[in-house]
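Just so you know, ligand 1 is whichever comes first in the structure, and atom 1 is the first atom listed for that ligand. Small disclaimer: the values here were computed from a predicted structure and weren't measured. Hydrogens, waters and symmetry mates are skipped; everything else that's a heavy atom, side chains included, is used.
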Amino acid sequence: MSLAKLDSIKDAALAAFKAAPSSKDLYDLKVQYLGKSGSLTEIMKEMATLPKEEKPLFGKRVNEVKQILETAYSEAENALKNAEISSKMAAEELDMTLPAFTRPKGTQHPAAIVVDEIFTIMSRLGYSLRTGPVIEKDYYNFEALNIPADHPAREMQDTFFIDKTHVLRTHTSPIQIHSLENEELPLRVIGTGPVFRCDSDISHLPNFHQIEALCVDEKVSMADLKGTISFFVREFFGAGLKTRFRPSFFPFTEPSAEVDCSCPICKGKGCSLCKHTGWIEIGGCGLVNPKVFQAAKIEYPKWQGFAFGFGVERMAIIKYGIEDIRLFPENDVRFLRQFVK
Ligand code: DAH
(Lines give C-alpha, C1' and ligand atoms only; values in the text may rest on other atoms or scores of the structure.)
Protein backbone atom coordinates (compact mmCIF):
# COMPACT_ATOMS: atom_id res chain seq x y z
CA MET A 1 0.00 0.00 0.00
CA SER A 2 2.68 2.44 1.05
CA LEU A 3 4.95 1.44 -1.88
CA ALA A 4 2.11 2.21 -4.29
CA LYS A 5 1.54 5.55 -2.55
CA LEU A 6 5.27 6.26 -2.83
CA ASP A 7 5.16 5.60 -6.56
CA SER A 8 2.16 7.81 -7.05
CA ILE A 9 3.95 10.65 -5.18
CA LYS A 10 6.94 10.07 -7.43
CA ASP A 11 4.84 10.20 -10.62
CA ALA A 12 2.92 13.26 -9.48
CA ALA A 13 6.16 15.06 -8.55
CA LEU A 14 7.88 14.15 -11.85
CA ALA A 15 4.90 15.41 -13.85
CA ALA A 16 4.65 18.60 -11.74
CA PHE A 17 8.42 19.33 -12.07
CA LYS A 18 8.17 18.98 -15.83
CA ALA A 19 5.14 21.25 -16.07
CA ALA A 20 6.45 24.02 -13.75
CA PRO A 21 6.19 27.30 -15.67
CA SER A 22 8.98 29.15 -13.81
CA SER A 23 11.96 28.58 -11.50
CA LYS A 24 9.95 30.01 -8.65
CA ASP A 25 7.06 27.57 -9.19
CA LEU A 26 9.57 24.75 -9.50
CA TYR A 27 11.16 25.69 -6.20
CA ASP A 28 7.77 25.72 -4.49
CA LEU A 29 7.17 22.21 -5.86
CA LYS A 30 10.53 21.08 -4.48
CA VAL A 31 9.49 22.32 -1.03
CA GLN A 32 6.13 20.60 -1.47
CA TYR A 33 7.63 17.19 -2.31
CA LEU A 34 11.15 17.14 -0.88
CA GLY A 35 11.00 19.77 1.89
CA LYS A 36 11.07 19.23 5.65
CA SER A 37 7.30 18.80 5.81
CA GLY A 38 6.97 17.64 2.22
CA SER A 39 5.14 14.54 0.97
CA LEU A 40 8.23 12.36 1.00
CA THR A 41 9.07 13.25 4.61
CA GLU A 42 5.46 12.60 5.54
CA ILE A 43 5.44 9.14 3.97
CA MET A 44 8.64 8.22 5.83
CA LYS A 45 6.63 8.60 8.98
CA GLU A 46 4.42 5.75 7.78
CA MET A 47 7.43 3.45 8.04
CA ALA A 48 6.73 3.00 11.72
CA THR A 49 3.38 1.33 10.92
CA LEU A 50 4.89 -1.22 8.52
CA PRO A 51 5.65 -4.83 9.45
CA LYS A 52 9.31 -5.25 10.38
CA GLU A 53 10.26 -7.24 7.26
CA GLU A 54 8.86 -4.64 4.86
CA LYS A 55 10.77 -1.74 6.45
CA PRO A 56 14.19 -2.21 4.70
CA LEU A 57 12.59 -2.42 1.24
CA PHE A 58 10.41 0.59 1.87
CA GLY A 59 13.38 2.62 3.22
CA LYS A 60 15.47 1.75 0.20
CA ARG A 61 12.65 2.72 -2.14
CA VAL A 62 12.11 6.06 -0.39
CA ASN A 63 15.82 6.85 -0.91
CA GLU A 64 15.61 5.86 -4.58
CA VAL A 65 12.55 8.06 -5.12
CA LYS A 66 14.31 10.91 -3.32
CA GLN A 67 17.30 10.53 -5.68
CA ILE A 68 15.07 10.38 -8.74
CA LEU A 69 13.18 13.49 -7.70
CA GLU A 70 16.34 15.44 -6.90
CA THR A 71 17.80 14.59 -10.29
CA ALA A 72 14.53 15.48 -12.00
CA TYR A 73 14.42 18.75 -10.06
CA SER A 74 17.88 19.86 -11.15
CA GLU A 75 17.19 18.91 -14.76
CA ALA A 76 13.95 20.87 -14.74
CA GLU A 77 15.70 23.76 -12.99
CA ASN A 78 18.41 23.88 -15.70
CA ALA A 79 15.88 23.70 -18.49
CA LEU A 80 13.86 26.56 -16.99
CA LYS A 81 16.96 28.75 -16.36
CA ASN A 82 18.10 28.26 -19.97
CA ALA A 83 14.66 29.09 -21.28
CA GLU A 84 14.49 32.19 -19.06
CA ILE A 85 17.96 33.40 -20.26
CA SER A 86 17.01 32.77 -23.89
CA SER A 87 13.79 34.72 -23.63
CA LYS A 88 15.56 37.56 -21.75
CA MET A 89 18.19 37.71 -24.48
CA ALA A 90 15.57 37.68 -27.19
CA ALA A 91 13.73 40.53 -25.47
CA GLU A 92 16.89 42.62 -25.05
CA GLU A 93 18.27 41.93 -28.50
CA LEU A 94 20.32 44.82 -29.94
CA ASP A 95 18.90 46.31 -33.07
CA MET A 96 22.01 46.86 -35.11
CA THR A 97 20.06 48.69 -37.78
CA LEU A 98 19.23 51.66 -35.48
CA PRO A 99 21.06 54.80 -36.57
CA ALA A 100 24.11 55.60 -34.38
CA PHE A 101 24.34 58.68 -32.15
CA THR A 102 25.78 61.49 -34.22
CA ARG A 103 28.30 63.73 -32.48
CA PRO A 104 27.96 67.37 -33.38
CA LYS A 105 30.75 68.24 -35.76
CA GLY A 106 33.32 70.79 -34.62
CA THR A 107 34.30 73.68 -36.81
CA GLN A 108 37.08 76.23 -36.88
CA HIS A 109 36.56 79.31 -34.74
CA PRO A 110 35.93 82.40 -36.90
CA ALA A 111 39.13 84.00 -35.53
CA ALA A 112 41.12 80.94 -36.66
CA ILE A 113 39.43 81.04 -40.08
CA VAL A 114 40.49 84.67 -40.47
CA VAL A 115 44.10 83.91 -39.49
CA ASP A 116 44.19 81.08 -42.04
CA GLU A 117 42.83 83.32 -44.78
CA ILE A 118 45.25 86.14 -43.95
CA PHE A 119 48.18 83.78 -43.95
CA THR A 120 47.13 82.25 -47.26
CA ILE A 121 47.09 85.73 -48.83
CA MET A 122 50.39 86.83 -47.29
CA SER A 123 52.19 83.59 -48.14
CA ARG A 124 51.64 84.50 -51.80
CA LEU A 125 53.87 87.55 -51.12
CA GLY A 126 56.59 85.33 -49.61
CA TYR A 127 55.71 85.68 -45.90
CA SER A 128 56.10 82.78 -43.46
CA LEU A 129 54.30 82.26 -40.14
CA ARG A 130 55.67 82.78 -36.59
CA THR A 131 53.87 82.59 -33.24
CA GLY A 132 56.22 83.59 -30.37
CA PRO A 133 55.61 83.27 -26.62
CA VAL A 134 52.32 84.42 -25.05
CA ILE A 135 54.00 85.14 -21.70
CA GLU A 136 56.57 87.63 -22.86
CA LYS A 137 59.53 89.36 -21.30
CA ASP A 138 58.94 93.05 -20.64
CA TYR A 139 62.00 93.62 -22.82
CA TYR A 140 60.41 92.10 -25.96
CA ASN A 141 56.91 93.46 -25.37
CA PHE A 142 58.08 97.04 -24.64
CA GLU A 143 61.77 97.87 -24.26
CA ALA A 144 63.11 96.52 -27.57
CA LEU A 145 60.13 98.12 -29.34
CA ASN A 146 61.26 101.55 -28.15
CA ILE A 147 58.79 101.70 -25.26
CA PRO A 148 61.05 102.30 -22.24
CA ALA A 149 59.92 101.76 -18.64
CA ASP A 150 57.94 104.71 -17.27
CA HIS A 151 57.39 106.05 -20.77
CA PRO A 152 53.84 107.40 -21.33
CA ALA A 153 53.56 105.20 -24.46
CA ARG A 154 53.10 102.22 -22.13
CA GLU A 155 49.69 103.61 -21.23
CA MET A 156 48.48 102.89 -24.78
CA GLN A 157 48.26 99.23 -23.77
CA ASP A 158 46.76 98.37 -20.37
CA THR A 159 48.90 95.47 -19.35
CA PHE A 160 48.47 92.26 -17.34
CA PHE A 161 51.77 91.76 -15.48
CA ILE A 162 52.87 88.22 -14.53
CA ASP A 163 55.75 89.52 -12.40
CA LYS A 164 58.16 92.47 -12.59
CA THR A 165 59.78 91.31 -15.82
CA HIS A 166 57.05 89.28 -17.54
CA VAL A 167 53.72 90.27 -19.08
CA LEU A 168 50.91 88.60 -21.02
CA ARG A 169 51.93 90.06 -24.36
CA THR A 170 49.84 93.12 -25.20
CA HIS A 171 50.47 92.83 -28.95
CA THR A 172 52.14 90.57 -31.51
CA SER A 173 54.87 93.14 -32.22
CA PRO A 174 57.39 91.36 -29.91
CA ILE A 175 57.39 88.55 -32.50
CA GLN A 176 59.14 91.09 -34.76
CA ILE A 177 62.04 91.33 -32.30
CA HIS A 178 62.43 87.53 -32.02
CA SER A 179 62.59 87.32 -35.82
CA LEU A 180 65.06 90.23 -36.08
CA GLU A 181 67.31 88.60 -33.47
CA ASN A 182 67.17 85.06 -34.83
CA GLU A 183 66.54 85.07 -38.56
CA GLU A 184 68.55 85.91 -41.60
CA LEU A 185 67.88 89.06 -43.62
CA PRO A 186 66.07 89.88 -45.87
CA LEU A 187 62.99 88.84 -43.93
CA ARG A 188 59.25 88.54 -44.49
CA VAL A 189 57.29 87.14 -41.55
CA ILE A 190 53.72 87.04 -40.29
CA GLY A 191 53.31 86.82 -36.52
CA THR A 192 50.01 85.80 -35.02
CA GLY A 193 48.34 84.59 -31.83
CA PRO A 194 46.48 85.74 -28.72
CA VAL A 195 47.23 89.07 -27.03
CA PHE A 196 45.92 90.44 -23.71
CA ARG A 197 44.84 93.83 -22.46
CA CYS A 198 43.06 95.03 -19.35
CA ASP A 199 40.20 96.38 -21.48
CA SER A 200 36.61 95.29 -22.24
CA ASP A 201 33.62 96.84 -24.03
CA ILE A 202 31.52 96.41 -27.22
CA SER A 203 34.60 96.81 -29.42
CA HIS A 204 37.43 95.73 -27.05
CA LEU A 205 38.21 92.31 -25.56
CA PRO A 206 40.69 91.55 -22.78
CA ASN A 207 41.94 88.60 -24.84
CA PHE A 208 41.94 88.94 -28.60
CA HIS A 209 44.15 88.02 -31.54
CA GLN A 210 46.46 89.99 -33.72
CA ILE A 211 48.24 89.41 -36.95
CA GLU A 212 51.51 91.17 -37.57
CA ALA A 213 53.62 91.54 -40.68
CA LEU A 214 57.29 92.47 -40.83
CA CYS A 215 59.26 93.02 -43.99
CA VAL A 216 62.98 93.86 -43.81
CA ASP A 217 65.03 94.41 -46.94
CA GLU A 218 67.64 96.74 -48.37
CA LYS A 219 65.24 99.35 -49.72
CA VAL A 220 61.81 99.54 -48.15
CA SER A 221 59.51 102.57 -48.34
CA MET A 222 56.06 103.77 -47.29
CA ALA A 223 54.98 103.00 -50.85
CA ASP A 224 55.85 99.30 -50.33
CA LEU A 225 53.87 99.35 -47.08
CA LYS A 226 50.79 100.95 -48.65
CA GLY A 227 50.98 98.66 -51.66
CA THR A 228 51.22 95.54 -49.48
CA ILE A 229 48.39 96.55 -47.14
CA SER A 230 46.13 97.62 -50.03
CA PHE A 231 46.73 94.32 -51.81
CA PHE A 232 46.12 92.39 -48.63
CA VAL A 233 42.92 94.26 -47.68
CA ARG A 234 41.51 93.93 -51.20
CA GLU A 235 42.25 90.19 -51.28
CA PHE A 236 40.78 89.65 -47.84
CA PHE A 237 37.63 91.79 -47.95
CA GLY A 238 37.01 91.93 -51.69
CA ALA A 239 37.10 95.02 -53.86
CA GLY A 240 33.93 96.64 -52.42
CA LEU A 241 35.51 97.92 -49.20
CA LYS A 242 37.38 101.22 -48.90
CA THR A 243 40.57 101.65 -46.85
CA ARG A 244 42.29 104.76 -45.60
CA PHE A 245 45.59 105.54 -43.89
CA ARG A 246 45.69 108.13 -41.09
CA PRO A 247 48.94 109.57 -39.72
CA SER A 248 49.47 108.22 -36.20
CA PHE A 249 52.12 107.40 -33.63
CA PHE A 250 53.68 104.12 -32.56
CA PRO A 251 57.03 104.07 -30.75
CA PHE A 252 58.31 101.22 -32.95
CA THR A 253 57.52 102.80 -36.33
CA GLU A 254 58.45 106.11 -37.92
CA PRO A 255 56.46 107.37 -39.74
CA SER A 256 53.34 105.58 -38.43
CA ALA A 257 49.80 105.30 -39.66
CA GLU A 258 46.51 103.76 -38.67
CA VAL A 259 44.51 101.73 -41.17
CA ASP A 260 40.72 102.04 -41.34
CA CYS A 261 38.15 100.13 -43.41
CA SER A 262 34.73 101.49 -44.37
CA CYS A 263 32.04 100.13 -42.01
CA PRO A 264 30.30 97.08 -43.53
CA ILE A 265 27.17 97.48 -41.39
CA CYS A 266 26.16 101.03 -42.34
CA LYS A 267 28.30 101.20 -45.51
CA GLY A 268 29.92 104.42 -44.31
CA LYS A 269 26.72 106.21 -43.17
CA GLY A 270 27.49 105.90 -39.46
CA CYS A 271 26.27 103.39 -36.86
CA SER A 272 27.05 102.28 -33.30
CA LEU A 273 29.67 99.75 -34.42
CA CYS A 274 31.75 102.40 -36.22
CA LYS A 275 30.90 105.01 -33.55
CA HIS A 276 29.11 107.03 -36.25
CA THR A 277 32.30 107.71 -38.18
CA GLY A 278 31.63 105.34 -41.09
CA TRP A 279 35.10 103.80 -40.54
CA ILE A 280 36.46 100.92 -38.44
CA GLU A 281 40.07 100.89 -37.36
CA ILE A 282 41.79 97.58 -38.10
CA GLY A 283 45.31 98.32 -36.87
CA GLY A 284 48.53 100.23 -37.15
CA CYS A 285 51.50 100.28 -39.47
CA GLY A 286 54.66 102.14 -40.31
CA LEU A 287 58.31 101.97 -41.24
CA VAL A 288 60.44 100.16 -38.65
CA ASN A 289 61.92 102.73 -36.26
CA PRO A 290 65.78 102.73 -36.42
CA LYS A 291 65.77 102.36 -32.60
CA VAL A 292 64.14 98.91 -33.05
CA PHE A 293 66.91 97.91 -35.49
CA GLN A 294 69.45 99.23 -33.02
CA ALA A 295 68.02 97.10 -30.17
CA ALA A 296 68.15 94.02 -32.42
CA LYS A 297 71.73 94.92 -33.54
CA ILE A 298 70.77 95.37 -37.18
CA GLU A 299 72.58 97.87 -39.36
CA TYR A 300 70.42 100.81 -40.44
CA PRO A 301 69.93 102.25 -43.08
CA LYS A 302 71.56 99.29 -44.86
CA TRP A 303 68.46 97.37 -43.75
CA GLN A 304 65.07 99.02 -43.69
CA GLY A 305 61.60 97.68 -43.01
CA PHE A 306 57.89 98.12 -42.65
CA ALA A 307 55.46 96.49 -40.27
CA PHE A 308 51.78 96.33 -39.62
CA GLY A 309 49.61 94.80 -36.93
CA PHE A 310 45.87 94.19 -37.26
CA GLY A 311 43.20 92.92 -34.89
CA VAL A 312 41.93 89.53 -36.09
CA GLU A 313 38.46 89.85 -34.49
CA ARG A 314 38.14 93.37 -35.93
CA MET A 315 38.82 91.98 -39.38
CA ALA A 316 36.25 89.21 -38.86
CA ILE A 317 33.69 91.80 -37.69
CA ILE A 318 34.18 93.77 -40.87
CA LYS A 319 34.24 90.77 -43.17
CA TYR A 320 31.19 89.04 -41.71
CA GLY A 321 29.28 92.09 -40.44
CA ILE A 322 29.32 90.97 -36.76
CA GLU A 323 27.89 93.62 -34.46
CA ASP A 324 29.43 92.74 -31.09
CA ILE A 325 33.07 91.67 -30.67
CA ARG A 326 32.19 89.89 -27.41
CA LEU A 327 30.54 87.08 -29.40
CA PHE A 328 34.01 85.75 -30.20
CA PRO A 329 35.07 84.48 -26.75
CA GLU A 330 31.51 83.47 -25.75
CA ASN A 331 31.67 80.36 -27.94
CA ASP A 332 27.91 80.14 -28.32
CA VAL A 333 27.45 77.35 -30.88
CA ARG A 334 24.64 79.29 -32.60
CA PHE A 335 27.23 81.94 -33.43
CA LEU A 336 30.06 79.52 -34.28
CA ARG A 337 27.83 77.35 -36.50
CA GLN A 338 27.44 80.21 -38.95
CA PHE A 339 31.07 79.83 -39.94
CA VAL A 340 30.93 76.14 -40.85
CA LYS A 341 32.53 75.88 -44.25
N1 DAH B 1 51.29 96.71 -31.91
C2 DAH B 1 50.35 97.78 -32.20
C3 DAH B 1 49.18 97.67 -31.24
O4 DAH B 1 48.89 96.60 -30.80
C5 DAH B 1 49.84 97.69 -33.61
C6 DAH B 1 50.91 97.95 -34.61
C7 DAH B 1 51.13 99.26 -35.00
C8 DAH B 1 51.71 96.95 -35.09
C9 DAH B 1 52.14 99.54 -35.94
C10 DAH B 1 52.70 97.25 -36.02
C11 DAH B 1 52.88 98.54 -36.40
O12 DAH B 1 53.50 96.30 -36.53
O13 DAH B 1 53.84 98.79 -37.33
O14 DAH B 1 48.56 98.63 -30.95
How far is [atom] from its nearest protein heavy atom, and which residue and atom name does that atom have?
| atom | result |
| --- | --- |
| atom 12 (O) of ligand 1 | E212 OE2, 2.6 Å |
| atom 2 (C) of ligand 1 | F252 CZ, 3.7 Å |
| atom 5 (C) of ligand 1 | G309 O, 4.0 Å |

Heteroatom distance test ([X], ligand 1): nitrogen or oxygen, under 3.5 angstrom:
| X | value |
| --- | --- |
| R197 | yes |
| F250 | no |
| T253 | no |

So, does E258 sit close enough to ligand 1 that a heavy atom of it is under 4.0 Å from the ligand? no
Under a 4.0 angstrom heavy-atom cut-off, which atoms of ligand 1 come close to [X]?
| X | answer |
| --- | --- |
| Q210 | 3 (C), 4 (O) |
| Q176 | 12 (O) |
| G286 | 13 (O) |
| S173 | 1 (N), 8 (C) |
| A307 | 12 (O), 13 (O) |

Taking ILVMFWY side chains as joined if any heavy atoms are under 4.5 angstrom apart, and letting links pass through other members, which residues group with I85?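 When side chains under 4.5 Å apart are linked, the cluster holding I85 also contains M89.
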Look at E330 together with R326 and state whether they make a salt bridge at an N to O cut-off of under 4.0 Å.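 Between R326 and E330 there is no salt bridge, as every charged N stays at least 4.0 Å from the carboxylate O atoms.
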Quick one: do E183 and R130 make a salt bridge, cutoff under 4.0 Å?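 Counted as a salt bridge, because a side-chain N and a carboxylate O are separated by less than 4.0 Å.
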If you draw the axis of the six-membered ring of Y73, does the NZ or CZ of K30 fall within 45° of it and under 6.0 Å from the ring centre? yes
Going by atom type alone, with no hydrogens or angles, which donor-acceptor pairs under 3.5 Å involve a side-chain atom of residues 246-261 and a protein atom two or more places apart or on another chain?
from: R246; atom 1: NE; to: D260; atom 2: OD2; distance (Å): 2.7
from: R246; atom 1: NH2; to: D260; atom 2: OD1; distance (Å): 3.0
from: R246; atom 1: NH2; to: D260; atom 2: OD2; distance (Å): 3.2
from: S248; atom 1: OG; to: E258; atom 2: OE1; distance (Å): 2.6
from: T253; atom 1: OG1; to: S256; atom 2: OG; distance (Å): 2.6
from: S256; atom 1: OG; to: F250; atom 2: N; distance (Å): 3.2
from: S256; atom 1: OG; to: T253; atom 2: O; distance (Å): 2.9
from: D260; atom 1: OD2; to: R244; atom 2: NE; distance (Å): 2.9
from: D260; atom 1: OD2; to: R244; atom 2: NH2; distance (Å): 3.1

State which residue, out of Y320, F335, F208, fulfils the ring-ring contact (aromatic ring centres under 6.0 Å, His included) condition with F328. F335
Short side-chain to backbone donor-acceptor contact, S262 and K242, under 3.5 Å: yes
Return the CG to OG distance between D11 and S8, rounded to the nearest 0.5 Å.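 It is 7.0 Å, given to the nearest 0.5 Å.
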